[in-house]
Q: 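First the structure, then my questions, so here it is.
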Amino acid sequence: MKACFMGLGYIGLPTAIIAAKHGVEITGVDINPKVVEMTNQGKLHIIEPGMEEMLQEVVRTGKLHASVTPEVCDAYFMVVPTPFKGDHEPDVSYVEAATRAVIPLLKEGDLYVIESTSPVGTTDKMAALIFTERPELNGKIFIAYCPERVLPGNVIYELVHNDRVIGGIDEDSTKKAQEFYSQFVQGTLHPTNCKTAEMCKLTENSSRDSQIAFANELSMICDKAGINVWELISLANKHPRVNILNPGCGVGGHCIAVDPYFISAEFPAESKMISTAREVNNYKAFWCAEKVQNAMLKFELKHKHKPVVAMMGLAFKPNIDDLRESPAKYITTKVMQSCNNADILVVEPNIVSHKVFKLTDYKEAYENADIVVFLTAHDQFKTLEWRDDKEIMDFCGIFKK
Ligand code: SAJ
């Protein structure tokens, strides 16, 4: 079987590699020639543990090759970004462009799958587009939606072992897509229709966003009330039916901080809680930045000189190098913009250098700063000892018991 993966990003490339390892002949397509070149050389352009060795193997055995244009295959997978536009409305133009690129290649019996996170109704829209351009294929090809669920950093395991939801435009499409994924997925492949599968992906990430918003809201209440939020959550979680997540400096990444808008943009009247959770998590980052700015002013008033401030972590979550939609990056930028020449040391141990931020070693920054702001709970930071001679602002629970 030959399959074409449209988009060789954080999800498309690993999925293509794993399918190739299981015997599918893959054409990986990306509009970025650099990505295509690197992939064909067996070099991974993303960071994912263990993945480069696998890529080298499938390139060597000829099971995977990359190209800037799609080729005739038996199955086509749309794994391109779906960002949002100005007012948080989903932008499906990449899905549409990738679909238009494969339409001329489709033939009877082919499978077309969207994996990209998409607003409800996208699969039906793309099916309509395909059948408008190629009416003779109506009822003759299989079309389905199958969202990914992997956690960056653990992709090799999760791609194979996570359960997946698969929703076709009809039952035959669902079955055909299940057959494809069963070649490399060991988790259960749950059948449904395409609208439910689209909504399921948005629901999973909105659920997590809402739960984190609850923790973030608690953290701001506790700050005002003089209560240690970490101790409070750990005690509340001793209840058999309570399981509160961790507060942080906000919610980042390209999924949880984005996907809930795909629901609220289309169902604004019905999605009050989902929208409010987004607002709470965005506000938490703003609140943290204000806290740091106030602490800096207080320090200056007391000591008659500006503080040295260490901003610990830029990544959107612990132990990764990904800065997309990162609240830590937002807070650091906001503090730097308002710092009036105070000395701000920026720390991100998972990145060697950055084009905007001059990075400082984490131990050196901790040693030299008057105010230390923990934004991302990287493992390295947890090795540091609490210091009474510094003002420590621990937004991510580095020193929680
Ligand atoms: N966060 C907290 N407190 C917590 C947990 C997370 O503040 O208790 C923050 C993180 O620091 C980060 C953000 O939330 O800023 C998101 O991190 P995450 O680890 O919860 O999720 P992602 O964005 O890396 O991956 C999510 C996953 N979805 C769910 O867990 C429901 C993953 O399974 C999806 O595949 C992925 O989104 C995606 O691609 O949609």
Side-chain angles (χ1 to χ4, degrees), residues 7 9-15 46-48 79-84 90 114-118 145-159 161-165 187 197-220 229-230 233-234 236-237 243-263 274 277-278 280-285 287-288 312-331 350 374-379 381 394-398 400:
Y10 280 86
I11 302 301
L13 184 55
T15 314
I46 55 169
I47 300 221
E48 186 56 46
V79 204
V80 290
T82 39
F84 50 64
I114 303 177
E115 281 209 11
S116 309
T117 303
S118 301
Y145 183 74
C146 179
E148 57 77 24
R149 288 175 154 172
V150 294
L151 207 60
N154 196 23
V155 168
I156 293 182
Y157 179 85
E158 293 206 359
L159 252 180
H161 292 93
N162 287 357
D163 283 12
R164 291 185 79 146
V165 172
E198 288 160 346
M199 187 62 182
C200 189
K201 171 69 188 179
L202 304 179
T203 300
E204 289 159 18
N205 282 349
S206 299
S207 154
R208 193 149 168 91
D209 196 45
S210 303
Q211 289 175 47
I212 299 169
F214 183 76
N216 277 334
E217 187 162 290
L218 271 182
S219 72
M220 294 183 280
V229 70
W230 306 101
I233 290 175
S234 131
N237 282 350
N243 187 13
I244 303 168
L245 291 179
N246 295 312
C249 69
V251 167
H254 41 289
C255 308
I256 294 186
V258 175
D259 297 0
Y261 291 119
F262 287 20
I263 299 179
I274 291 169
R278 276 288 62 243
V280 170
N281 286 333
N282 285 340
Y283 177 67
K284 182 68 193 284
W287 182 89
C288 291
M312 308 290 276
L314 282 177
F316 85 81
K317 67 177 192 174
N319 308 320
I320 58 165
D321 66 341
D322 192 339
L323 309 190
R324 286 178 294 173
E325 310 288 329
S326 171
K329 189 172 118 187
Y330 162 82
I331 295 164
N350 298 301
F374 285 102
L375 298 168
T376 314
H378 292 313
D379 285 348
F381 300 163
D394 183 5
F395 294 128
C396 56
I398 296 292
K400 73 174 173 188

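Order of listing sets the numbers, starting from 1, for every ligand and every atom in it.
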Q: Partners of Arg164 by salt bridge (charged side-chain N to carboxylate O under 4.0 Å, His left out), sequence neighbours excluded?
A: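 Once residues adjacent in sequence are excluded, the partners of Arg164 under the salt bridge (charged side-chain N to carboxylate O under 4.0 Å, His left out) criterion are Glu115.
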Q: Near ligand 1, which protein residues have a heavy atom under 4.0 Å away?
A: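 Within 4.0 Å of ligand 1, protein side: Glu148, Arg149, Val150, Leu151, Pro152, Lys201, Glu204, Asn205, Arg208, Ile212, Leu245, Asn246, Gly250, Val251, Gly252, Cys255, Ile256, Phe316, Lys317.
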Q: For Ser116, what residues pass the side-chain hydrogen bond (donor to acceptor under 3.5 Å, both in side chains) criterion, not counting sequence neighbours?
A: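 In terms of side-chain hydrogen bond (donor to acceptor under 3.5 Å, both in side chains), with neighbours along the sequence ignored, Ser116 is linked to no residue.
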Q: Check side-chain hydrogen bond (donor to acceptor under 3.5 Å, both in side chains) between Glu198 and all other residues, then give those that pass, not counting sequence neighbours.
A: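 If we apply the side-chain hydrogen bond (donor to acceptor under 3.5 Å, both in side chains) test to Glu198, skipping adjacent residues, the hits are Thr123.
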Q: For His378 and Phe381, take the angle between the two ring planes, folded into 0 to 90°, and tell me which bin it lands in: parallel under 30, tilted 30 to 60, perpendicular over 60.
A: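 Ring orientation, 0 to 90° scale: perpendicular.
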Q: Check the surroundings of atom CG in Leu151: do more than 12 heavy atoms from other residues, nucleotides or ligands lie under 6.0 Å from it?
A: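 More than 12 heavy atoms, drawn from other residues, nucleotides or ligands, come within 6.0 Å of this atom.
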Q: Show the nearest heavy-atom pair for residues Ala285 and Pro327, with the distance to one decimal.
A: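 The pair with the smallest heavy-atom distance is CB-CB, 4.0 Å.
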